[in-house]
Amino acid sequence: MKKWVIAVSTAAAILALSACNSDADVIVETKAGNITKEELYNEMKARFGKEVLRDLVHEKVLSKEFKVTDKEIEKEMDKLKEMYGMQYELAVQQNGEEAIRKMVKLDLLRQKAAMKDVKVTEEELKKYYDEYKPKIKASHILVDDEKTAREIKEKLEKGEDFAKLAKEYSKDAGSAANGGDLGWFGPGKMVKEFEDAAYSLKVGEISDPVKTDYGYHIIKVTDKEEKKSFEEMKDEIEFEVKRSKLDQTKVQSELEKLMKKADVKVKDESLKGALEEAK
């Protein structure tokens with residue numbers, strides 16, 4: 001999480017620096033003295049300059065050879081929201097959504113540069129597709145013992161309302177307040193016993209008691225995403241399989257090759273070596 005927040009802060013600094021120039025325009029007046037755009041620029045350059053320069057150069061060079069679509073950016077941002085929750089919202093409040101979009105775009109450009117020569121086989125793609133599970137939406141009622149769980153299941157079989165029983169019985173206070181609703185989730189987001197049971201249910205179906213380390217769950221699947229065909233998902237799958245083969249060494253190696261090819265020359269003496277130091 002720390003690395004991600006630093007990246008967002010750097011992206012915010014890029015936006016701020018882009019709004020500055022080196023003239024003597026006064027941007028703040030005080031009785032103790034004024035602050036000019038030049039002073040702000042120099043201070044931000046001293047604090048963030050090398051990281052910001054690296055990111056600006058990478059974006060300019062990589063954008064010449066690789067394209068990132070708005071759809072790709074939105075998909076990655078949705079993943080960040082799901083992964084970080086309130087921390088993501090806080091980052092938006094502190095830095096603005098545009099800074100996050102820039103960070104995501106740059107990250108995707110770097111990945112695409114690094115994976116351009118990565119090879120994948122048709123068998124690898126089909127294996128990924130066969131194992132891929134689309135997201136599902138579910139609700140649950142969590143209690144401490146199996147006896148109570150079975151009593152609740154009997155009430156549900158007699159037609160009692162799931163949401164009402166969740167509010168009455170579930171010890172998961174967060175979801176109980178919403179009638180047991182857990183929202184959408186995919187593989188790896190829940191403990192294995194819960195995930196296996198949930199994915200085995202049809203929409204509207206209610207499970208028998210499912211034991212996990214948290215207690216006993218009664219699970220109801222309320223919606224499921226439809227799994228697209230292999231052909232429809234092939235480009236997305238290829239990207240994910242290639243990305244899974246990347247490591248930071250590979251990314252850095254490809255970036256260095258592209259920077260050398262672009263013949264990058266840093267003219268500002270105070271920022272010399274930025275591309276090497278800010279890795």
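All figures in this text were calculated on a predicted structure; none of them were measured in a lab.
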Flag if over 12 foreign heavy atoms under 6.0 Å of [atom1], [X]:
X      : atom1 : answer
Lys81  : NZ    : yes
Lys171 : NZ    : yes
Tyr214 : OH    : no
Lys227 : NZ    : yes

For the backbone of [Y] and the side chain of [X], can you confirm whether one donor and one acceptor N or O come within less than 3.5 Å of each other?
X      : Y      : result
Glu124 : Thr121 : yes
Lys245 : Lys119 : yes
Glu131 : Tyr128 : no
Lys257 : Gln252 : no
Glu195 : Gly188 : yes

Side chains of [X] and [Y] in contact at under 4.5 Å (non-hydrogen atoms):
X      : Y      : result
Ile27  : Thr36  : no
Leu165 : Glu168 : yes
Phe239 : Lys112 : yes
Asp130 : Phe230 : no
Ile100 : Leu80  : yes
Tyr216 : Lys147 : no
Ile152 : Thr148 : yes
Asp268 : Lys272 : no

Give the minimum heavy-atom separation between [X] and [Y], together with the two atoms involved.
X      : Y      : value
Phe185 : Ala138 : CE2-CB, 3.8 Å
Ser63  : Lys67  : O-NZ, 3.4 Å
Lys45  : Ser270 : NZ-OG, 3.4 Å
Leu201 : Ile206 : CD2-C, 4.3 Å
Ile136 : Lys224 : CG2-CG, 3.5 Å
Leu271 : Gly49  : CD2-C, 3.8 Å

May I ask you to decide whether [X] forms a salt bridge with [Y], counting only side-chain N to carboxylate O separations under 4.0 Å?
X      : Y      : value
Asp55  : Lys60  : no
Glu76  : Lys105 : no
Glu240 : Arg243 : yes
Arg47  : Glu43  : yes
Glu238 : Lys242 : yes
Glu254 : Lys250 : yes
Glu122 : Lys234 : yes
Arg101 : Glu74  : yes
Arg150 : Glu146 : yes

Open item on the list: Please evaluate residues Lys158 and Glu154 with respect to the criterion salt bridge (Lys or Arg N to Asp or Glu O under 4.0 Å), reporting the C-alpha separation (whole Å), side-chain torsions for both, the decisive distance (0.1 Å), and the verdict.
Closed with: CA-CA 6 Å; Lys158 292 177 181 178; Glu154 288 178 8; 5.2 Å; no

Distance from [X] atom [atom1] to [Y] atom [atom2], nearest 0.5 Å?
X      : Y      : atom1 : atom2 : result
Leu258 : Arg110 : CG    : CZ    : 12.0 Å
Met103 : Leu108 : CE    : CG    : 9.5 Å
Asp70  : Met77  : CG    : CE    : 10.5 Å
Ser253 : Gln248 : OG    : CD    : 11.0 Å
Lys75  : Glu72  : NZ    : CD    : 8.5 Å
Ile218 : Asp208 : CD1   : CG    : 7.0 Å

Open item on the list: Could you tell me if Lys116 sits above the aromatic ring of Phe66, with its cationic atom closer than 6.0 Å to the ring centre and no more than 45 degrees from the axis?
Closed with: no

TODO: Using side chain to side chain contact (heavy atoms under 4.5 Å, CB included) as the criterion, point out the one residue from Thr212, Asp196, Leu182 that pairs with Met190.
DONE: Leu182

Open item on the list: Using the side chain to side chain contact (heavy atoms under 4.5 Å, CB included) definition, which of the options Ser200, Ser207, Pro209 pairs with Ile219?
Closed with: Ser207

- [ ] Give the intermediate values and the outcome of salt bridge (Lys or Arg N to Asp or Glu O under 4.0 Å) for residues Glu157 and Lys153.
- [x] CA-CA 6 Å; Glu157 289 174 343; Lys153 179 66 185 292; 3.8 Å; yes

Open item on the list: Walk me through whether Ser175 and Asn178 qualify under side chain to side chain donor-acceptor pair (under 3.5 Å).
Closed with: CA-CA 5 Å; Ser175 66; Asn178 297 316; over 6 Å; no

Do you reckon [X] sits in the same ILVMFWY cluster as [Y], going by side-chain contacts under 4.5 Å, direct or chained?
X      : Y      : answer
Ile237 : Leu246 : no
Val61  : Leu53  : yes
Tyr169 : Val210 : no
Tyr84  : Trp184 : no
Val251 : Leu109 : yes

Task: Steps toward side chain to side chain donor-acceptor pair (under 3.5 Å) verdict (Ser170, Asp172) - done: CA-CA 5 Å; Ser170 185; Asp172 179 5; 5.4 Å; no

TODO: Name the orientation class of the two ring planes belonging to Phe194 and His140 (parallel below 30°, tilted from 30 to 60°, perpendicular beyond 60°).
DONE: perpendicular

TODO: Show the numbers, then the answer: is there a salt bridge (Lys or Arg N to Asp or Glu O under 4.0 Å) between Lys261 and Asp263?
DONE: CA-CA 5 Å; Lys261 179 182 175 183; Asp263 193 24; over 6 Å; no

Task: Check against salt bridge (Lys or Arg N to Asp or Glu O under 4.0 Å), Lys79 and Glu82 - done: CA-CA 5 Å; Lys79 288 181 181 179; Glu82 184 177 336; over 6 Å; no

TODO: Go through Glu232 and Ser229 one step at a time and tell me if the side chain to side chain donor-acceptor pair (under 3.5 Å) criterion holds.
DONE: CA-CA 5 Å; Glu232 288 176 303; Ser229 69; 3.1 Å; yes

